[in-house]
Each structure stands twice: as structure tokens, then as C-alpha cells.
Amino acid sequence: MPAPVSASAPAEAVAAAPAAPRATHGARTPLLALPEARWAAAATVAFLLALPLQLLGTTAWLWGPLYAVAYVAGGWEPGLEGLKALREKTLDVDLLMVVAALGAAAIGQVMDGALLVVIFATSGALEALATARTEDSVRGLLDLAPATATRLTSDGTEETVPASELAIDDVLLIRPGERVGADARVVDGASDVDEATITGEPLPVPRTVGDEVFAGTLNGTGALRVRVVRDPSDTVIARIVALVEEATRTKAPTQLFIERVEQRYALGMVAATLAVFLIPLAFGDALTDALLRAMTFMIVASPCAVVLATMPPLLSAIANAGRHGVLIKSAVVMERIGRTDTVAFDKTGTLTEGVPQVTEVRPEPPYTEAELLTLTASVEQHSEHPVGRAIVTAAHDRGLPLHPVEAFESAPGKGVSGKVERANAPITIAAGSPHHFGVEATTTPGTEVAVLVDGTLAGRLTLTDTLRPTAPEAIRALATRTGTAPLLLTGDHEHAAAAVAQQVGIAPGDVRAGLLPDGKAHAVRELADAGRTVLLVGDGVNDAPALAAAHTGVAMGRGGSDLALETADAVLVRDELGALERTVALSRRARRLVVQNLVIAGVFIAGLVIWDLAGHLPLPLGVAGHEGSTVLVGLNGLRLLRERAWTR
């Protein structure tokens, strides 16, 4: 067995070891990395090479094979998918397009059929690009867990292995400042671990032998030896990534409705195409003319643009929101967010930072506030704990000079101690948890630090959470966007809730305090029963029932608990509250674009069908009009990928 790693070992020696490299995510998928784009490009190149050769009157042996390449490259995949659908007794629009292209070729309109295949393949590539951009944008925000971990072998040597290859019972070394590579249990050492990404706890928590640590959490100043207790594929980080992959596979209600209608429409279109072919033929039309009119009708009446009307805007909106730190888990959610008319917030870790700030200094005689804060900050100046940093910051903000410290010691989870000179005499100062010193705590809303001088209580410091700087502006923007003032739903006591509400601009009548988890969920259901469409923002385990009850639940990504992240429909990965109003606006723009696309598709289909039935619509013009409308609809949806769509 390897030698135990001691938390009391010199931090410099342990920290000197190289840290495990972090994974680099978020690289944009190159366009030609998409198979749909490669096949569409191949079909387009072949078509562009064949067209001038045909127009110049060269032999068909030159341009014919190039057109064949265009047919195969652009049509094999939709044709195969259409045949699979046909085998399952459903009619796919992709198959109809391929049949129409082959029908055009069969009556000598080889160029027209190739144009149809090229434009149809390009439409498919555009939709694939929107999906890929969504996944790229969101995955770039989920770089929470390390790519590698330091595993200890049975003979005590260290080896760096991919975190994905870790197995249950592997023993890992977690150095100071490193992220934990897997959900594990401490077998040796002690340290403070920042678990904000998993549990939502705003301050690092002490972890020692027997305690569990989670993948993606940040180790403090002590070294830990941990044993893996959960497969890497089952960690909270892995589950979030899985949610990302599922996001683009979901379909919005509008899309589901369109697909239900699509089957009946496609069957009706086939019947109408046969009628358009057989009726003129029965009245003496030439076979070629009747077949050409029928093929043109099949092309222009196909609902390709209608089918493509919904998902590109929603997927583009998801991708844009993802680039700005908002993970939308599905197209359904993106469509639903725009309907929000009421926003409710949790308090701690949501409207507040989860970062401590000294709010009260209570000295015992004969010390003054300045003396107590100076002595405490002096001994805390070498501490890396957030509480210690907050105390030092408070002293600096007040312009208090700090004393040099000797014999500094830090005990994770307990406190710090050291010696300073005061009145030309050395004194020992200890600061830490009241419980550790056997002192009764007197503060419940915040974190209390007891300060002892030579073993005697010299006073107490109270630290409370700080308000997020963007919270007031976010509240105002959401009130303007939704037309309704946001609410505050919190389990904290009335006084603390009222203080935060006043700072962010929430009216006293819109505050509900002292709520247990079921109380929050009940409050959300009451709002829904009153006809409100509620978006709830929370971060903790206690918010999960309310997140599930809301029409849209949004979790704080950095401080959100495992359960909150899973329950929520969306995640503010960067904890930027200002992104909420932008997301609501983006969703509403996406819904408007869906309506625009449906109108565009309907107008083109109706106009081209009437032209074909009432007059003589040339096949190339029908192809250009119908497939051009499909491309137009796709490009219109992709407008939401632009930066302007977020900043407007």
C-alpha cells in the first residue's frame, strides 16, 4: 500500500508537483466535420462542374457522370432514411424528394433533378450545423471536471490516467488546488473542499477520513488520498453532459404538431400527384407532359420548408444562449421560456453570491472593533479560507494595518492561530468556529467567528452572504420584459428576506419567507393555478420541488446542487442573473421566427401549387422556388446564432 499522505506536509512541497491538465472543451465543430455538410458539398461541387459542361453543349459522357455523383452524394442518405421509414409504414418527405429527383431524371430533366438534390442536401446540412453549434456552445461551458487524475498503484507509485478510465476502488491523490476527478471517499488527509458546483454550499467544507468528495469540486490547501466510490459515468458532471446531448433530440410542441400533420399531408400529396398525372393523361395529354407536371407538383407541394420551420430557430436560440452561459436542456424549454409572465427567485446562492462578507464586529472589553478586526485579520492573512480572506478584506477596506504573524497554524474545519506583538508583548490569537473553542454561537443567519487572545474570548465576527451585483438590474429587466414584478420565495427568516428584497427592488408584498421545500412548491402551484406562467430560479436541494413544479425551472450552475441541476429545465452556468431577461427575449424572438417561417413556407407552397395547376410551372423554377423557400426558412432560423440576436 502507498504511504499515507499527510495534510500537515508542507504545502509548498505538495503544490510543487505538476497539476493534472484540464480538458479543453468548447472548440467549434468545423463545418466539413459534419457528414451532412461533406455530402452536400460533394453534391454541390459535382453539380457546379456538370452544369457549365452541359450548357456548353459538350458530350453527355462528360457531364452525365458528374450529375450522377451529385445524385448519389446528395440523395443516398435521405433516400436510405426514407426507405427505413417506409419499412415502418410511414411516408417520409425525404423519400418523396428523392423520388421526385429520379422522376425528373427519368423524363430527361437530369439537371433539374440534380438541382433538387443539391438544394435539399444543403437544407439538411444547415439543420445539422445548427445542432452542432448548439452542442459546441453548451459543452464549452461545462468544463467542470478534470480530464485526468493521479492514481496511486499498489506499490505506491503515481500514474496519470484519464478520469473516464477510473474504476470503483481506485485510490487517487488530490493535491492542493486540484479538482477531484471522481466521486470518492477520503481515506487519508484533511482539507477544505469547495463543493459549490455540487452542493451549493457557499463556503469550503472540511473533509477528512471517511468523508465523501465529489467530482469537479476544488480541493483546498491540504492533500487528500481518496478511494473512488462511483463510476465516472454516474457523476453529476457526466449527467449534465448527458442532458446536453439530449437537448437537441427533444422536439417543441409546434414541431410535434407539424410532424403529426406531415404524415397525413404526405399521403394526401401522393394521392394528389397521382391525380395530377392520371387525369390529364386520361384527357389526351402526352405522357411526358403529364409526368413532368406531376413531378413538378410533387416537388412544390412537399412540406419541406414547413418541416424545417420550427427547429432551426429554436436550436439556434439554444446555441446562442449556451454561448452566453445559459444551458437550455431542450427545444421544448426554449419555446416555453418565452411564455413566462412571472419570475420567482430563491434567495441564498441565487440573489446572493454565496461569498462571505464581514457584517458585524462585536468585541469584548477591553477591545475595540478596530482592535478586534486588526488582530483577527493579522492572524488570518496567511489563511486561504474564504472566511479568512473576507476578514482580511474587511480590515483593508477600513485601512487597518496588520501585524506580522509568527508560528502560524491552520487546522482545516477548525480555525487558525498565530502569535503577534501587541504593546511590546507577544500574544497568541486564535480564530475559528465557536464550537471548536467551546464557545456558544450567538448568530444564526450568518457565519460566526470566535476570536481568542491568550485563550480568553476577545470577541466575535459575523459574516453574511453578499448580494450579486447584477441582481437589482436583473429584477428590473425581468419586470419590464414580463410585465410582472418578480417574487422572492425563501426558506430564510423574514428579516433576512426583507433586507435582500429591499436591496434588489422586490416589493414587501412579493416576498414569501420561512418556506420549507414543499412550501415553495405549493407557492409555485398557487401561481400556476391563478393563470401565471412561472419561471423559478434556485440553487439548492430544497429548491428542487419548486423547480419541478414551475413551468420553467432554472438552476444556478456554479452553486447549484446535484438535484437542482437535474430537476431544472435550464442552468445559468455562469450564475449571471442578467442572462435571464436576455433568454426570455431570445425565446420570444425564436417563437416569432417560427411563425415567420411557417408563413413563408405556406405562401411559397400555395403560390407554386396554384401556378402548376392553373398554368405551366417549369420544373427548374418549381425546384428553385420550393427548395429556395426551404433554404430561406433554414437561414432565417439560423439568424439567432448571431451575436446581435443576444444583445438586441
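Here the closest non-hydrogen pair linking Pro486 and Leu478 is CG-CB, 4.3 Å. Closest heavy-atom contact between Ala579 and Val326: CB-CG2, 3.5 Å. Shortest non-hydrogen contact noted between Ala497 and Thr490 is CB-CG2, 3.6 Å. Nearest heavy atom pair, residue Ala485 against residue Asp510, reads CB-OD2, 3.7 Å. Looking at every heavy atom in both residues, Ala501 comes nearest to Val511 through CB-CG2, 3.5 Å. Closest of all the heavy-atom pairs between Gly625 and Phe604 is O-CD2, 3.4 Å.
The stretch residues 628-647 participates, sequence neighbours left out, in no salt bridge (Lys or Arg N to Asp or Glu O under 4.0 Å) pair at all. Within the structure, the salt bridge (Lys or Arg N to Asp or Glu O under 4.0 Å) test picks out the following pairs touching residues 576-601 (sequence neighbours left out): Arg481-Glu581.
Of the residues Ile475, Leu487, Leu535, Val500, the one that meets the side-chain contact (heavy atoms from CB on, under 4.5 Å) test with Phe345 is Ile475.
Evaluation of the side-chain hydrogen bond (donor to acceptor under 3.5 Å, both in side chains) rule for Lys520 yields Asp346, Asp543 as partners, not counting sequence neighbours. Residues that satisfy the side-chain hydrogen bond (donor to acceptor under 3.5 Å, both in side chains) test with Thr273, not counting sequence neighbours, are absent from this structure. Listed by chain and number, the residues in a ring-ring contact (aromatic ring centres under 6.0 Å, His included) with Trp611 amount to none (sequence neighbours excluded). For Asp569, the side chain to side chain contact (heavy atoms under 4.5 Å, CB included) test picks out Val333, Arg336, Thr552, with sequence neighbours left out. Applying the side chain to side chain contact (heavy atoms under 4.5 Å, CB included) rule to Thr393 yields the partners Asp397; only residues at least two apart in sequence or on another chain are considered. Arg512 is linked by a side-chain hydrogen bond (donor to acceptor under 3.5 Å, both in side chains) to Glu526, counting only residues two or more places apart in sequence or in another chain. For Glu473, the salt bridge (Lys or Arg N to Asp or Glu O under 4.0 Å) test picks out Arg476, with sequence neighbours left out. For Glu212, the side-chain hydrogen bond (donor to acceptor under 3.5 Å, both in side chains) partners are Arg230, not counting sequence neighbours. When the side chain to side chain contact (heavy atoms under 4.5 Å, CB included) test is applied to Leu83, the partners found at least two apart in sequence or on another chain are Leu95. Applying the side chain to side chain contact (heavy atoms under 4.5 Å, CB included) rule to Ala33 yields the partners Thr29, Pro30; only residues at least two apart in sequence or on another chain are considered.
Looking only at distances, no side-chain donor or acceptor of Thr340 sits under 3.5 Å from a matching main-chain atom of Thr342. With hydrogens and angles ignored, the 3.5 Å screen pairs a side-chain donor or acceptor of Thr217 with a backbone N or O of Phe214. Between the side chain of Gln357 and the backbone N or O of Ala390 there is no donor-acceptor pair closer than 3.5 Å. Remark: the backbone N or O of Arg532 is not paired with any side-chain donor or acceptor of Asp341 at under 3.5 angstrom. In this structure, the side chain of Arg468 does not engage the main chain of Leu577 through any donor-acceptor pair within 3.5 Å.
Ser587 and Glu335 form no side-chain donor-acceptor contact under 3.5 Å, judged by distance and modelled atom types alone.
Side-chain contact between Ile328 and Thr583 is present, with heavy atoms from C-beta onward closer than 4.5 Å. Pro313 has its side chain out of reach of Asn636: every pair of non-hydrogen atoms, C-beta onward, lies at least 4.5 Å apart. In this structure, Val554 and Val571 have side chains that are not in contact, with every pair of non-hydrogen atoms separated by 4.5 Å or more. A 4.5 Å side-chain heavy-atom check between Leu641 and Asn320 finds every atom pair outside the cut-off. Looking only at side-chain heavy atoms (C-beta outward), Leu580 and Leu572 come within less than 4.5 Å of each other. A heavy-atom distance below 4.5 Å is not found between the side chains of Asp612 and Leu608. At least one side-chain heavy atom of Val504 sits less than 4.5 Å from a side-chain heavy atom of Leu467. At a threshold of 4.5 Å between non-hydrogen side-chain atoms, the residues Leu489 and Val524 count as touching.
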One pair to check against side chain to side chain contact (heavy atoms under 4.5 Å, CB included): Thr442 and Glu448. What are the steps and the verdict? CA-CA 8 Å; Thr442 59; Glu448 186 172 297; 2.8 Å; yes
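Here the OG1 atom belonging to Thr533 is positioned 12.5 Å from the CD1 atom belonging to Ile337, to the nearest 0.5 angstrom. Interatomic distance, Leu515 CG to Lys347 NZ, rounded to the nearest 0.5 Å: 12.5 Å. Considering CD1 of Ile506 and CG of Leu351, their distance stands at 5.5 Å, rounded to 0.5 Å. A distance of 5.5 Å separates CE in Met556 from OG1 in Thr350, rounded to the nearest 0.5 Å. The line from CD1 of Ile600 to CD1 of Ile605 is 12.0 Å long, rounded to the nearest 0.5 Å. Distance check, rounded to the nearest 0.5 Å: CG of Asn597 to CG of Leu632 gives 7.5 Å.
For Glu494, the CD atom counts as loosely surrounded, since its 6.0 Å shell holds 12 or fewer non-hydrogen atoms of other residues, nucleotides or ligands.
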